[in-house]
Visitor: 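This is the structure I have questions about; it appears just below.
In the text below, chain A, chain B and the rest are named by the order of the sequence lines, each starting its count at 1.
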Amino acid sequence: MQDETPLERERRAKVARWRSEGREPFPWSFPGRVSTEVVRTACARLRPGESDSAHPLRVAGRLRAVRVHGRTAFADLDDLAGSIQLFLRVDELGEAAYGSWLADLDPGDIVGAEGAPSVSRRGEPSLLVGSLTLLAKAVSPPPEKFHGLQDPEERIRRRYLDLIASPESRARFRARSLLVREVRAHFDAAGFLEFETPVLLPVASGAAAQPFVTHSNYLDEDVQLRIALELHLKRLLVGGLERVYEIGRVFRNEDLDSTHSPEFTMLEAYWAYADYRDMRSLVEGLYARLARRTEELLPDVPAAKEAARAFEAGFATVDFVEELERQSGLSGLLERSREDLRALARAAGSTVPDDSPSGVFLDKLFEHYVEPTLTAPTFVLDHPMATTPLAKRHRDKPGRVERFEFFYRGFELGNAYTELNDPDEQERRFREQLSQRGEDHYAYDADFVRALRYGLPPNTGIGIGIDRMAIALTGAASIKDVILFPLVRAK
RNA sequence: GGGCCCGUAGCUCAGCUCGGUAGAGCAGGCGGCUCUUAACCGCAAGGUCAGGGGUUCGAAUCCCCUCGGGCCCGCCA
């Protein structure tokens, strides 16, 4: 065996011994198994020292700690529901079986146990084991039982070890999965249809980001991985599907840090014959629901409790320009020249290039003066036209678009517009974007513009970063704590 | 792109400031123990100190390079 450690050699010897005794160390199944929670429930009726041998139960999971006291032993068995203490006695198992088990069992082994629910004299719910079955030998030892796996690199590269060692990590990822289910339920109930649009495209479009490029042997052409879901979902509205959404991976060839990942999960939804005010109501309901659910899923996590309280109170609403002027003490921002805005952004510490459009400087000012203050759930409304090329102009406020972003704990969780649906204006804005960039991988999606010429109904659309949603609700410190396998360098 | 920090046994960590033959706990081995829960007690074992180079009589420790990682700042609408 390659790179076998002495510990692994020892454990393989146990596998060999097991086989030589005619027992299978990797059997096929363990029928009739219940979760450890069922055993706990059964134990709740018992007093310390009692056991219910009339109603045996079968559990299966991973052995964590084994505590041997001569002719009695305890072991903790973990499953997804939690854990239960196994209570092993010579009196129950017999000398030979008991001795053999203690010789050949190791922490990390996957075992099945059958026995009577019982409560130890010290009051610990247990299973008084009548028979044990090895279900899969752990040839490699698990991480340290008390401190777990601490090395942040190993926790990511070998996530299975992190999940074995950290109940918190397991609970967080379980919560993420169930929250995504909740998101789907919310959109489904509102009459939306979920679709899967292409990942491989001739030209990635719908956002300004560096794409990943790969090659199709069939076409003998380079293709790009999508950077957004928007343009294909809007094509579905052109086609008459009216309410559509997708939860899918998008790819941006950029840095990995605590809030960015080169591949991340985006929800986008488009809703025909509705505007951004309708979308606001939908989002408000969504987050109230998600926060409640998070609290159920993670009752011991303070951030989950805080979120439940925060979103129960609903969202605050502020106007982009009014709030920026209020927080910064500046005035007349919409009337100021680009040079003036650049100077203000510089003064606020931004180092974006001098030739950036004026909207970029406004965004930087907002990030600097306002975003850190947006700790409570807040909708920010009606951004300056210059910051937002793809939204429809505001029906009442000159120089603005119909847009909202929403914030919680100081960072942006989503972004919605009343969407632009004029094909000629859309084409003009794409061309402007191109001329600002001048790089061929920003070539625009001409067929999308062609689709709009056939008539895109008035609609509202939203993008929600699912990873950031998970961070905000579960209180995770980094996007790496909510993405199971973040991109790492090959070793 | 800039700055700071980390890499020692399967795992969790000391040792590095001030150079002198590598330390502990967990896990594993052997022995003991019939109510522990980070069980406990005793004995023995376990190392390419990330890799390479340099300084030195002598390097885990000082210097240089490389690899991998972390944090902060900047950039990424």
Visitor: Check each of A:H383, A:R395, A:K392 against A:E402 using the side-chain hydrogen bond (donor to acceptor under 3.5 Å, both in side chains) test, and report the only one that passes.
Guide: A:R395
Visitor: Using the C1' atom as the point on both nucleotides, what is the distance between B:U56 and B:C63, in whole Å?
Guide: 12 Å
Visitor: Could you check how far CZ of A:R71 sits from C1' of B:U34, rounded to whole Å?
Guide: 8 Å
Visitor: Counting heavy atoms from C-beta on, name the nucleotide in B:U37, B:C75, B:G28 closest to the side chain of A:D257.
Guide: B:C75
Visitor: For A:E339, enumerate each residue passing the side-chain hydrogen bond (donor to acceptor under 3.5 Å, both in side chains) test, keeping only those at least two apart in sequence or located in another chain.
Guide: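 For A:E339 there are no side-chain hydrogen bond (donor to acceptor under 3.5 Å, both in side chains) partners, ignoring immediate neighbours.
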Visitor: Step through it carefully: locate the ring centre of A:Y270, locate the ring centre of A:Y245, and say whether they are under 6.0 Å apart.
Guide: no
Visitor: Given atom CD of A:Q85 and atom P of B:A38, what is their separation to the nearest angstrom?
Guide: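 In whole Å, B:A38 P and A:Q85 CD are 10 Å from each other.
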Visitor: How close or far is atom P of B:A38 from atom CZ of A:R64, stated in whole angstroms?
Guide: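 Result: 9 Å.
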Visitor: Using the side-chain hydrogen bond (donor to acceptor under 3.5 Å, both in side chains) rule, pick out the option among A:R17, A:R11, A:K137 that qualifies with A:D104.
Guide: A:R17
Visitor: For atom C1', what is the distance between B:G54 and B:U61, given to the nearest Å?
Guide: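 So the two C1' atoms sit 15 Å from each other.
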Visitor: What residues in residues 94-114 of chain A put a non-hydrogen atom under 4.0 Å from any atom of RNA chain B?
Guide: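 Within residues 94-114 of chain A, the residues near RNA chain B are A:D106, A:P107.
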Visitor: State which residue, out of A:R226, A:R235, A:K234, fulfils the salt bridge (Lys or Arg N to Asp or Glu O under 4.0 Å) condition with A:E246.
Guide: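 When A:R226, A:R235, A:K234 are each tested with A:E246, the salt bridge (Lys or Arg N to Asp or Glu O under 4.0 Å) holds only for A:R226.
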Visitor: Which nucleotide sits closest to the side chain of A:V68: B:C33, B:G68, B:G70?
Guide: B:C33
Visitor: Starting at NE2 of A:H383 and ending at C1' of B:A77, how long is that distance when rounded to a whole Å?
Guide: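 The answer, rounded to whole Å, is 11 Å.
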Visitor: Rounded to whole Å, how long is the line connecting atom CD of A:E92 with atom C1' of B:C35?
Guide: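 Taking atom C1' of B:C35 as the reference, CD of A:E92 is at 14 Å.
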Visitor: Using whole Å, what does the distance between atom P of nucleotide B:A45 and atom CZ of A:R9 come to?
Guide: 17 Å
Visitor: Out of B:U37, B:C75, B:G69, which has the shortest distance to the side chain of A:K364?
Guide: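 Between B:U37, B:C75, B:G69, the one nearest the side chain of A:K364 would be B:C75.
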Visitor: Is it the case that over 12 heavy atoms from other parts of the model lie below 6.0 angstrom from the CD atom of A:E37?
Guide: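 No, the 6.0 Å shell around CD holds no more than 12 heavy atoms from other groups.
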Visitor: Between the protein and nucleotides 8-11 of chain B, are there any N/O to N/O pairs under 3.5 Å, and if so, what are the atom names and distances?
Guide:
residue: B:C11; atom: O2'; partner: A:E144; partner atom: N; Å: 2.9
residue: B:C11; atom: O2'; partner: A:G148; partner atom: O; Å: 3.3

Visitor: Just how far, in rounded Å, is C1' of B:U37 from CG of A:D78?
Guide: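 Roughly 12 Å, once rounded to whole Å.
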Visitor: Taking B:A9 as the reference, what is the distance to B:A14 when you measure between their C1' atoms (whole Å, please)?
Guide: 13 Å
Visitor: Provide the distance between the two P atoms, one in B:U8 and one in B:A60, to the nearest whole Å.
Guide: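 Each nucleotide's P atom is 15 Å from the other's.
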Visitor: Any side-chain to backbone donor/acceptor pair from A:Y98 onto A:T72? Under 3.5 Å, distance only.
Guide: yes
Visitor: What nucleotide, of B:A27, B:A77, B:G69, holds the atom closest to the side chain of A:R489?
Guide: B:G69
Visitor: Can you find a heavy atom in the side chain of A:R468 that is under 4.5 Å from one in the side chain of A:H260?
Guide: yes
Visitor: Assign A:E10 to base, sugar-phosphate, or nothing according to its heavy-atom contacts below 4.0 angstrom with the strands shown.
Guide: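 Sugar-phosphate contact only.
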Visitor: Mind checking the C1' distance from B:U66 to B:C75? Whole angstroms is fine.
Guide: 27 Å
Visitor: Tell me whether A:N253 contacts the main-chain N or O of A:Q210 through its side chain, where contact means a donor paired with an acceptor under 3.5 Å.
Guide: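 No; zero donor-acceptor contacts below 3.5 Å.
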Visitor: Could you check how far CD1 of A:I156 sits from P of B:C6, rounded to whole Å?
Guide: 20 Å
Visitor: With sequence neighbours excluded, tell me which residues meet side chain to side chain contact (heavy atoms under 4.5 Å, CB included) with A:N415.
Guide: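 Side chain to side chain contact (heavy atoms under 4.5 Å, CB included) check on A:N415 returns A:R403, A:E405, A:E412, A:Y417.
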Visitor: State whether A:R67 places a side-chain N or O below 4.0 Å from either non-bridging phosphate oxygen (OP1 or OP2) of B:U37.
Guide: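 No, because none of the side-chain N or O atoms of A:R67 sits under 4.0 Å from OP1 or OP2 of B:U37.
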Visitor: When the P atoms of B:C62 and B:C18 are considered, how many whole Å apart are they?
Guide: 9 Å
Visitor: Should A:R157 be listed as having a side-chain N or O under 4.0 Å from OP1 or OP2 of B:G69?
Guide: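 Yes, because at least one side-chain N or O of A:R157 sits under 4.0 Å from OP1 or OP2 of B:G69.
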Visitor: Relative to the ring of A:F366, is the ring of A:F320 parallel (under 30°), tilted (30 to 60°) or perpendicular (over 60°)?
Guide: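 It falls in the parallel class, under 30°.
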Visitor: When rounded to the nearest Å, what value does the distance between P atoms of B:G23 and B:G46 take?
Guide: 13 Å
Visitor: Of A:G70 and A:A65, whose nearest nucleotide on RNA chain B comes first from the 5' end?
Guide: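 Checking each residue's closest nucleotide, the 5'-ward one belongs to A:G70.
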Visitor: Need the pair for B:G7. Rule: Watson-Crick or G-U wobble, both distances under 3.5 Å, any strand; none if unpaired.
Guide: B:C67
Visitor: Rounded to whole angstrom, note down the P distance from B:A45 over to B:C35.
Guide: 32 Å
Visitor: Checking contacts here: which listed nucleotide (B:C76, B:G70, B:U37) is nearest the side-chain heavy atoms of A:E254?
Guide: B:C76
Visitor: Using a cut-off of under 3.5 Å, enumerate the N/O to N/O pairs linking the protein to nucleotides 2-5 of chain B.
Guide:
none

Visitor: Return the nearest nucleotide to the side chain of A:H260; candidates are B:C76, B:G29, B:U34.
Guide: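 So the side chain of A:H260 is nearest to B:C76.
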Visitor: Applying the Watson-Crick and G-U wobble criteria at under 3.5 Å, what pairs with B:G29? Answer none if nothing qualifies.
Guide: B:C43
Visitor: Which donor-acceptor pairs under 3.5 Å do side chains of residues 476-486 of chain A form with protein atoms, sequence neighbours excluded?
Guide:
residue: A:S478; atom: OG; partner: A:K480; partner atom: N; Å: 3.0
residue: A:D481; atom: OD2; partner: A:S478; partner atom: N; Å: 3.4

Visitor: Give none if B:G74 has no partner; otherwise give the nucleotide forming a Watson-Crick or G-U wobble pair with it, both distances under 3.5 Å.
Guide: none
Visitor: Compute the ring centroids of A:Y408 and A:Y287, then answer whether they are less than 6.0 Å apart.
Guide: no
Visitor: Please classify the nucleic acid contact of A:S350 as base, sugar-phosphate, or nothing, using heavy-atom distances under 4.0 Å.
Guide: sugar-phosphate
Visitor: Work out which heavy atom in A:V449 is nearest to a heavy atom in A:P423; give both atom names and the distance.
Guide: CG1-O, 3.8 Å
